[in-house]
Structure formats: C-alpha cells, structure tokens
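Accompanying notes for the structure given below.
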Amino acid sequence: MSISIGIHDLSFATGEFVLAHTALAAHNGTDIGKYHVGIGQESMSVPAADEDIVTLGAAAAAPVIARHGASRIRTVIFATESSIDQAKAAGVYVHSLLGLPSAVRVVELKQACYGATAALQFAVGLVRRDPAQQVLVIASDVSKYELDSPGEATQGAAAVAMLVGVDPALVRIEDPSGVFTADVMDFWRPNYRDEALVDGQESVNAYLQAVEGTWKDYSEQGGRSLDEFAAFCYHQPFTKMAYKAHRHLLNTCGHDTDQDRVARDLGLTTAYNRVIGNSYTASVYLGLAALLDQADDLGGRPVAFLSYGSGSVAEFFAGTVAAGYRDHLRTKEHRAAIERRTPVDYAGYRALHEQRLPTDGSDHATPAQSTGPYRLAGISGHKRIYETR
Ligand code: CAA
C-alpha cells in the first residue's frame, strides 16, 4: 500500500500595506469596473521598505515551526521569482531567523510562478525516500511591474509556508501529474531589472495553452476525470485569470461553461488573491488556503491544482483533502494577516515602489515601517541585515 504524503500544515503572511484599486483607478483614470470586474481585483498588498521575500517567508513559516517543531525537518525549499541574491538561497536567512537546526539542507528554486509546485513535488519525493522526515516548503514573492504599465494593477506580495510529510492533516498529494513546458517570452525579469517585463496578451494565451497541455498529459497519465473534482485551485495572477482558465479547460473537455458551474468549481479559491494581488509562486496555494478556510466539509474529496509559471512550465495535479482537516486550519490568522494591513494612498504606494536599496556597498538603514515579526534592518557592505522583533 502506498504511503500518504502531502501538506500537513499551511500558513501565509502578506505585506504591511494595502493599496485599494479605487486609488489606482483614481490616479490613472481607469473605470473601476475594469479592475473589480475585468481583472477581478479589489486591492493589492504592498511591502514596507523593511520587508522582502525573506521577512515574508519567515513570518509565514514561524507559526508552522511553533506548532510542529523542527526536529523532523531536514530540508527547506524556498521558491521565489523575486530573488534577492544570485548565489545565496533566501531560505538560509529564514533558516537563521527561525533558529532551525544545522542538520538541514536549504535550497532556492526558480521557474516563475511554478517554483512552489516544483518544491512541493520534490518535497513529496524526499518524504517518500525517508518517511520520517518533513520538508518545509516556502513560496515567497513580491510582484512588481513598472509604474503606469498595464501590469501595475496585477501586483501584490505574499508568502505561503507548507509543511510536507506523511499522513498529512490537510491535503494528500496524488499521482499522477500532468506536466507541460514551452519556450515562450510572455513574462520574464532579466537579472538587472527590479520589475518584470511582460507581454500581457501573450501571457494570457500562454497560460491557456499550458492548461490544455497539462490536462492532455494528466489524462494520458491516467488522471481523474474532470467531474470528480470538488474544486479547482488555479494560479491567480489576477482572479479573472482563474475563470478564463477554467472555462478554457471545460471547453477543451467538451463541457458546458455555465456561470454557476464555474463559480461552484472555483469561486471559493479567489477570496484571498482578490485582495492580496499576485503573489507569483504563492498564489495557487493562497487559492487552496481560501478554499479550505471557507468551504463546507471537503474531507475525502479530490481538489485539482493548476500551477503555471511564465516562460513557461505548468503542472496539473490532484490532492485529496484529509478527513478532519478543519481542526488544523489557520483561518483566523489568515484573515488577521489580511485585515492587519494599513491602507496606503497612491502617493505612499508610489514612494514605496520607487525605493531602492543602495548597490554600492554603502551602509543603509531601512525605515522601521513594518510591524511583523521579522524586518530587514538594512544593508551594509552588500550584506542584508535582518532583525527579529
Ligand atoms: N468594466 C468591466 N470590465 C472591463 C472594463 C470595465 N469598465 N474595462 C475593461 N474591462 C475588461 C476587458 O474587457 C478585459 O476583459 P477580458 O479579459 O475578459 O477580455 C479585462 O477587463 C482586461 O482588460 P484589458 O485586456 O484591456 O486590460 P489590459 O490591457 O490593461 O491588460 C493584463 C490586462 C494583460 C492582465 C495586464 O494587467 C497585465 O499585463 N498583467 C500582468 C501579466 C499577467 O498577469 N498575465 C497573466 C498570465 S501570466 C501568469 O499567470 C504568470 C504571472 O503570474 C505573471
């Protein structure tokens, strides 16, 4: 009999500030319907000057360590596409901030928004090799596009931490997976840029092509039929994209795409992404968090995941929700992470967007703006300095 491996715990953190799309619309003269309905976004998290992928990742993971301890964790996989260093894994800073044991391997993974799914699948493989071990997967990203560009409305920031092990309390990850890779330039960020470059329409088309490709492979590998799934968690660069993707999948499979069915299949997965914005690698797992935190009992039911990373790599896979999972959720803490954000006006957001750390090795202290458990205190001699509150 095969062992059951999957997500044993899940916790997320997001930025200190929040910009309402009404403020962005007032600045650029866009009809708010385009944001609220057309792309399906209400607001986006904006990190403080002393927050980054490390502080967000550590804040997401700390409650997981507090609940389960670290004695079984031998691997930390940090997935991000907004990396802060070309050599050192951001997870090493998190390892230090969380006081994890030295007998742990830490590595960073990148493939745009798909990275966390690769991390999850690799974690399942490691646990299968040694079921006594657990893997801490952290997906952490700050999504940043150029000011006054079409992508600006689809920014955001968040981190999700997942503890992967045997007999998971939340979701058992199933075989098979459907995988898909295509060399496309829909979204990318050269090493010398802070902001991503994107071909908006091409990116939407590439995502839809990947939905088709992963589903074809998933079916050929002997996966479940579409009607078996209780819900579908999509990567959500903006929540409307999940609707476009699901309609495309239903069409591909010759199913009706009536509004009720689409809303039933994914409506609950968009609640957090709609107010947090794009969190790249974390986004599909924020969708899972929103689903588990809001659904009536899903125990024993299969849920589908579609993870898409521009460039592009995608994966369609299934997970079965564990019986009794509701006793292990962090619904209250998740809502608090969203509600604790301080609203920022357009000028405040723009100033945060424009701030940069020095690149000449000089000393720089970041303003103390954040109120989370960890902060980036500054940079000195090209080294980032973190603090615990
Ligand atoms: N009321 C209601 N709806 C309105 C409206 C109004 N007043 N005005 C416009 N709309 C609708 C449009 O009809 C359109 O709907 P459809 O997509 O259903 O046709 C929608 O609002 C968006 O309008 P536009 O296409 O004109 O918007 P845009 O040109 O400003 O670009 C975007 C939208 C391409 C998503 C842009 O925000 C962007 O480039 N974002 C970043 C890239 C991205 O997120 N791509 C997604 C796939 S790639 C991926 O998933 C990886 C990743 O994370 C980046």
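Atoms within a ligand are numbered from 1 in the order they appear, just like the ligands themselves. Below, each value reflects all heavy atoms present in this structure, side chains not excepted, and no hydrogens, waters or symmetry copies.
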Give every pair formed by an N or O atom of ligand 1 and a protein N or O atom closer than 3.5 Å, one pair per line with both atom names and the distance to 0.1 Å, or write none.
unit_1, atom_1, unit_2, atom_2, d
ligand 1, 1 (N), Gly33, O, 3.4
ligand 1, 7 (N), Asp31, OD2, 3.4
ligand 1, 17 (O), Lys244, NZ, 2.5
ligand 1, 18 (O), Lys240, NZ, 3.3
ligand 1, 18 (O), Lys244, NZ, 3.3
ligand 1, 27 (O), Lys34, NZ, 3.2
ligand 1, 30 (O), Lys34, NZ, 2.7
ligand 1, 37 (O), Pro150, O, 2.8
ligand 1, 40 (N), Thr154, OG1, 3.3
ligand 1, 45 (N), Ser203, OG, 2.8
ligand 1, 50 (O), His235, NE2, 3.2
ligand 1, 53 (O), His235, NE2, 2.8
ligand 1, 53 (O), Asn278, ND2, 2.9

| request: Please determine if Arg384 and Asp52 form a salt bridge, counting it only when a charged side-chain N lies under 4.0 Å from a carboxylate O. | output: yes
| field | Pair Arg261 + Asp256, salt bridge at N-O below 4.0 Å | value | no
| request: Only one of Ile7, Thr269, Asp293 passes side-chain contact (heavy atoms from CB on, under 4.5 Å) with Leu288; say which it is. | output: Ile7
| task | Determine the sole option in Arg189, Lys144, Arg356 for which the salt bridge (Lys or Arg N to Asp or Glu O under 4.0 Å) test with Glu195 is passed. | result | Arg356
| field | Aromatic plane relationship, His246 with Tyr234 - under 30° parallel, 30 to 60° tilted, over 60° perpendicular | value | perpendicular
| task | May I ask you to say whether Arg264 pairs ionically with Asp258, meaning some side-chain N is under 4.0 Å from a carboxylate O? | result | no
